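Computed from a predicted model, the values in this text were never measured in an experiment.
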Amino acid sequence: MVALTLPDGSVRTFERAVSGAELAAAIGPGLAKAALAVKVDGELRDLARSIGRDAKVEIVTAKSAEALALIRHDAAHALAQAVQELYPGTQVTFGPATEDGFYYDFVRPAPFTPDDFPKIEQRMREIVDRNLPLVREEWSPSDAVEHFESSGEAYKAEWVREIGTRGEAISIYRQGEWLDLCVGPHLPATGKLPKAFKLMKVAGAYWRGDAKNAQLQRIYGTAWASEADLKAYLTRLEEAEKRDHRRIGREMGLFHVQEEAVGSVFWHPKGWELWRTLENFVRGRLRASGYVEVRTPQLVDRKLWEASGHWEKFEQGMFLAAPRSAGARAEEGERVYAIKPMNCPCHVQIFNQGLVSYRQLPIRMAEFGSCHRYEPSGAMHGIMRVRAFTQDDAHIFCTEDQIVPEAVAFCALLRGVYRALGFDEFIVKFADRPPVRAGTDETWDKAEAALKNAAKAAGLELIHNPGEGAFYGPKLEFVLRDSIGRDWQCGTLQIDFVMPERLDAAYVGEDNQKHRPAMLHRAMLGSFERFIGILIEHYAGHFPLWLAPVQVAVATITQDGDAYAGEVARELADSGLRVVLDTANEKIGYKVREHSLAKVPVILAIGKREAELRTVSVRRLGSNAQETLALQDALARLVAEAEIPGP
RNA sequence: GCCGACGUAGCUCAGGGGUAGAGCAACUGAUUCGUAAUCAGUAGGUCACAGGUUCAAAUCCUGUCGUCGGCACCA
């Protein structure tokens with residue numbers, strides 16, 4: 001007897017083990033037809049596998065949350081089969097479902113191009129029409145290796161060899177003539193795969209994610225339960241593209257980049273206005289949180305980077321500089337400067353001037369530090385990943401006892417800053433010790449424990465990010481998402497016992513002995529460039545009034561209003577608002593459109609009536625409602641709204 | 001750095017061996033208008049850069065630079 005409990009609480013009993021398909025059929029013919037897989041005690045399984053014990057079960061249909069992953073995984077298999085049918089000799093490797101689609105990695109001497117997509121998609125549809133049953137088989141590792149080697153699938157054979165050593169049977173899924181090594185689960189037949197899929201792009205990808213390995217050709221696709229869902233997804237992508245910071249940055253005249261300064265940003269007046277507003281906002285929060293601000297050199301002798309350990313690890317990523325009269329040869333013993341790639345060694349130099357007493361700790365030393373790193377060419381992306389950037393960096397020098405309260409305070413500060421900037425949600429990752437690192441295991445144990453405790457005390461939910469810590473210490477990574485779903489690390493909190501040791505930082509303790517301080521590296525925005533990019537996409541350029549580079553446009557309706565409009569603009573500007581005056585010879589409709597496209601939050605229209613009554617007609621971005629206010633009322637309201645949000 | 005695509009007017013794009021194109025923007029003039037495009041005219045280009053093939057190259061080939069999408073990297 002097998003008793004199966006359904007989601008509604010009802011129990012079905014069977015004389016013998018039944019498959020998911022039989023269970024669905026027993027419940028009803030409609031469900032039998034719609035069934036895609038079955039969930040047994042939370043585990044997703046093929047419909048054909050038998051359930052031999054009492055369990056909680058749930059039939060998965062296209063409406064289930066789990067269905068999409070199944071559909072996408074099946075789409076990957078259909079893609080692989082289609083490609084192998086169309087391009088004989090192509091090897092298959094891996095093809096998983098992803099967040100909104102799937103991909104499959106192939107090995108083939110000739111490149112795939114997007115021109116191949118229609119043909120491949122057509123063949124995938126044919127495979128769906130064939131309605132091939134997906135059959136799971138278990139093979140011995142040796143049979144599997146033999147099969148893949150004889151069919152020229154070197155990568156699959158390598159993989160089977162590796163998992164074969166674990167002594168498990170090899171799970172093979174067969175669809176018609178075609179088969180693939182795969183743990184499943186899968187849909188019962190290719191005919192269950194909705195045709196709502198589309199191939200999206202080709203890209204290179206390294207075998208097993210390692211740049212030392214061969215590069216494979218990856219074909220990305222997206223797949224959905226219905227045509228409508230697919231269409232909605234494609235529309236979403238189009239919408240996201242309109243939020244792209246590169247596009248909005250140009251449209252709003254915020255910044256540009258050009259060939260002569262790859263990886264650096266030319267900030268235009270409006271973009272720089274935004275930057276300064278953001279910087280002053282952060283500065284205010286730092287001051288309120290007991291930070292001091294410093295400024296350290298751009299060019300620093302390589303000796304300091306050797307001492308800090310950065311030279312050894314990041315030499316290739318540093319820009320060097322030497323005066324032309326002395327340098328260019330950079331012979332042994334000559335002074336070579338690195339343009340600073342980070343601020344921490346310099347902050348330690350400030351800490352090291354004079355003797356620090358434990359009574360002075362913690363010292364929270366902040367710098368809006370301009371750094372340069374030679375980022376790999378392929379890593380560059382708009383203003384989000386650049387070679388010249390400015391961090392809202394700070395280092396907290398403290399005793400070990402102060403680590404947890406300082407870390408907790410930082411998390412609270414960061415949460416407040418993010419909230420004020422419109423980010424109520426963010427991801428926090430906990431990155432622990434990397435394989436190559438400085439410091440003893442004991443030190444790392446201590447640092448990791450401290451960081452975890454702090455995050456816990458701050459009530460943060462952590463996602464484990466194993467082996468991704470900095471070489472000197474573990475970190476918390478605060479991650480924001482861009483408009484097209486890419487994650488960007490912005491904030492960070494890192495505990496470091498290594499740098500103070502290497503650079504010989506010390507304070508005098510209560511016991512009159514010298515001690516090493518702990519050092520917390522922390523940033524909230526990360527880099528201004530990246531954060532402004534994220535901010536632009538987050539708001540799609542429609543900034544709240546306090547952040548907007550241009551806050552108010554004063555636009556005249558006819559020339560009769562020019563004098564008064566000038567007065568209005570001057571008065572607003574005198575009150576600290578960022579104003580443009582538009583007395584151009586155009587219709588008001590044209591001006592409204594122009595300033596709306598420029599994403600100016602407030603338009604004040606000035607006509608004859610306003611000039612006579614000393615009022616303004618207020619129009620907000622995103623609304624076509626108008627409100628007529630006395631100039632002084634409007635001014636007071638706007639000034640209040642434009643205030644930088646305090647802690 | 002690796003794989004692929006792309007680079008034509010300020011922007012968005014067409015043209016794919018035989019005189020360099022459109023819309024928007026810009027400029028000039030007319031128009032004085034009430035909340036997302038007034039009308040007319042004018043000007044604007046070493047077709048990324050460098051070589052090569054050809055009677056002839058924006059167009060075909062090679063290289064370089066850059067951008068874009070991934071991968072790898074990210075102190």
Side-chain angles (χ1 to χ4, degrees), chain A residues 103 105 111-115 200-220 244 246-247 250-251 253 256-263 305 308-318 340-345 371 373-382 385-387 389 391 434 438 468-473 475 477 484 486 488-489 492 494 496 498-499 521 526-527 530 555-562 585-598 603-610 617-626 628:
Chain A
Y103 65 78
D105 288 346
F112 289 108
T113 76
D115 297 338
M200 303 296 285
K201 53 200 175 196
V202 273
Y206 298 105
W207 168 238
R208 305 184 67 179
D210 189 335
K212 289 195 279 293
N213 292 339
Q215 193 160 39
L216 317 171
Q217 295 191 62
R218 176 171 296 178
I219 298 180
Y220 282 94
D244 191 306
R246 291 164 295 196
R247 178 188 180 127
R250 190 178 52 238
E251 287 170 355
H256 86 273
V257 291
Q258 70 184 50
E259 240 181 277
E260 287 77 3
V262 172
W305 308 110
S308 71
H310 290 102
W311 188 269
E312 194 190 345
K313 194 156 193 311
F314 294 110
E315 183 194 346
Q316 295 302 314
M318 292 192 203
K340 74 172 170 185
M342 57 184 337
N343 308 299
C344 33
C371 297
R373 297 177 184 172
Y374 188 75
E375 301 286 2
S377 59
M380 243 101 66
H381 175 88
R385 187 83 184 269
V386 285
R387 289 182 177 151
F389 54 93
Q391 297 174 314
E468 294 295 322
F471 76 91
Y472 50 73
K475 42 180 182 173
E477 302 171 331
I484 45 182
R486 285 182 289 211
W488 296 93
Q489 183 195 311
T492 187
Q494 309 169 13
D496 180 6
V498 174
M499 197 73 56
H521 306 241
S527 97
R530 170 173 300 177
T556 51
I557 294 167
T558 64
Q559 281 179 337
D560 298 335
D562 281 7
N585 176 13
E586 288 292 349
K587 289 184 172 176
I588 188 65
Y590 181 88
K591 295 185 185 182
V592 165
R593 180 180 151 82
E594 275 219 308
H595 298 297
S596 298
L597 287 175
I603 298 171
L604 302 183
I606 306 286
K608 224 179 198 166
R609 282 205 299 274
E610 285 76 12
S617 164
V618 184
R619 183 193 167 107
R620 296 280 180 159
L621 183 58
S623 154
N624 51 17
Q626 298 155 42
T628 301

Item to check | A:Phe471 CZ to B:rA75 P, straight-line distance once rounded to whole Å | outcome: 10 Å

Next on the checklist: Taking only side-chain N and O atoms of A:Arg250, does any of them lie within less than 4.0 angstrom of OP1 or OP2 on B:rU12?
Outcome noted: yes

Item to check | hbond_proxy A:Gln316 side chain to B:rG1 base (donor-acceptor, 3.5 Å cutoff) | outcome: no

Checklist entry - From the list B:rA72, B:rG34, B:rA75, which nucleotide is the closest neighbour of the side chain of A:Arg373? => result B:rA75

Checklist entry - Would one find a side-chain N or O of A:Arg619 under 4.0 angstrom from OP1 or OP2 of B:rA36? => result yes

Next on the checklist: Measure CZ/A:Arg593 against P/B:rU35 and give the value in whole Å, please.
Outcome noted: 16 Å

Next on the checklist: In this structure, how many angstroms lie between the C1' atom of B:rU28 and the CD atom of A:Glu586, rounded?
Outcome noted: 13 Å

Item to check | Distance between C1' atoms of B:rC47 and B:rA58 (Å, rounded) | outcome: 4 Å

Item to check | Atom C1', compared across B:rU59 and B:rA14: separation rounded to whole Å | outcome: 14 Å

Next on the checklist: Nearest whole Å is fine: how far is B:rC71 C1' from A:Trp207 CH2?
Outcome noted: 15 Å

Item to check | Euclidean distance for C1', B:rA36 against B:rG70 (whole angstrom) | outcome: 38 Å

Next on the checklist: Side chain of A:Ala605 only, heavy atoms from C-beta on: which candidate in B:rU35, B:rC73, B:rU32 is closest?
Outcome noted: B:rU35

Item to check | Integer angstrom distance from the C1' of B:rG45 to that of B:rG7 | outcome: 15 Å

Checklist entry - With distance as the sole criterion, do the side chain of A:Arg218 and the base of B:rC3 form a donor-acceptor contact below 3.5 Å? => result no

Next on the checklist: Tell me if the side-chain of A:Tyr206 makes a donor-acceptor pair with the base of B:rG70, cut-off 3.5 Å, by modelled atom types.
Outcome noted: no

Item to check | A:Met318 CE to A:Trp311 CH2 distance, which is reported to the nearest 0.5 Å | outcome: 6.0 Å

Item to check | Quiz item: A:Ser596 side-chain donor-acceptor pair to B:rU35 base, under 3.5 Å | outcome: no

Checklist entry - Is A:Pro341 touching bases, backbone alone, or none of the nucleic acid, heavy atoms closer than 4.0 Å? => result base

Checklist outcome for this item: B:rG45 -> Watson-Crick or G-U wobble partner, both distances under 3.5 Å, gives none

Checklist entry - Just to confirm, is there a sub-4.0 Å distance from OP1 or OP2 of B:rG34 to any side-chain nitrogen or oxygen of A:Lys591? => result no

Next on the checklist: Can you see if the side chain of A:Tyr220 gets near the phosphate of B:rC71 - specifically, an N or O under 4.0 Å from OP1 or OP2?
Outcome noted: yes

Item to check | Pairwise P distance, B:rA37 and B:rA20 [rounded to whole Å] | outcome: 37 Å

Next on the checklist: Using the C1' atom as the point on both nucleotides, what is the distance between B:rG17 and B:rC61, in whole Å?
Outcome noted: 13 Å

Item to check | Nearest-angstrom distance, P atom, B:rG15 to B:rC33 | outcome: 46 Å

Checklist entry - How does protein reach along nucleotides 58-69 of chain B, written 5' to 3' as B (base within reach of a heavy atom under 4.0 Å), S (only sugar-phosphate), or - (no contact)? => result -------SSSSB

Checklist entry - Syn or anti for B:rG16, taking syn as within 90° of 0? => result syn

Checklist entry - Can you tell me how far CE of A:Met499 sits from NE2 of A:His521, rounded to the nearest 0.5 angstrom? => result 5.0 Å

Next on the checklist: I'd like to know if A:Asp210 pairs up with A:Arg208 as an ion pair, taking the criterion as any Lys NZ or Arg NE/NH1/NH2 lying under 4.0 Å from an Asp or Glu carboxylate oxygen.
Outcome noted: no

Checklist entry - Ring stacking, A:Tyr590 with base of B:rA37, under 5.5 Å and under 30°? => result no

Checklist entry - Roughly how many Å is it from NE2 in A:His521 to P in B:rC74, rounded to a whole number? => result 17 Å

Next on the checklist: Considering every strand and a 4.0 Å limit on heavy-atom distances, what is the contact class for A:Leu216: base, sugar-phosphate, or nothing?
Outcome noted: nothing

Checklist entry - Are A:Met342 and A:Trp305 side-chain neighbours, meaning at least one heavy-atom pair lies under 4.5 Å? => result yes

Checklist entry - Less than 3.5 Å between a donor and an acceptor, one on the side chain of A:Glu375 and one on the base of B:rC74, is that the case here? => result no

Next on the checklist: Does A:Glu312 have more than 12 heavy atoms from other residues, nucleotides or ligands lying within 6.0 Å of its CD?
Outcome noted: no

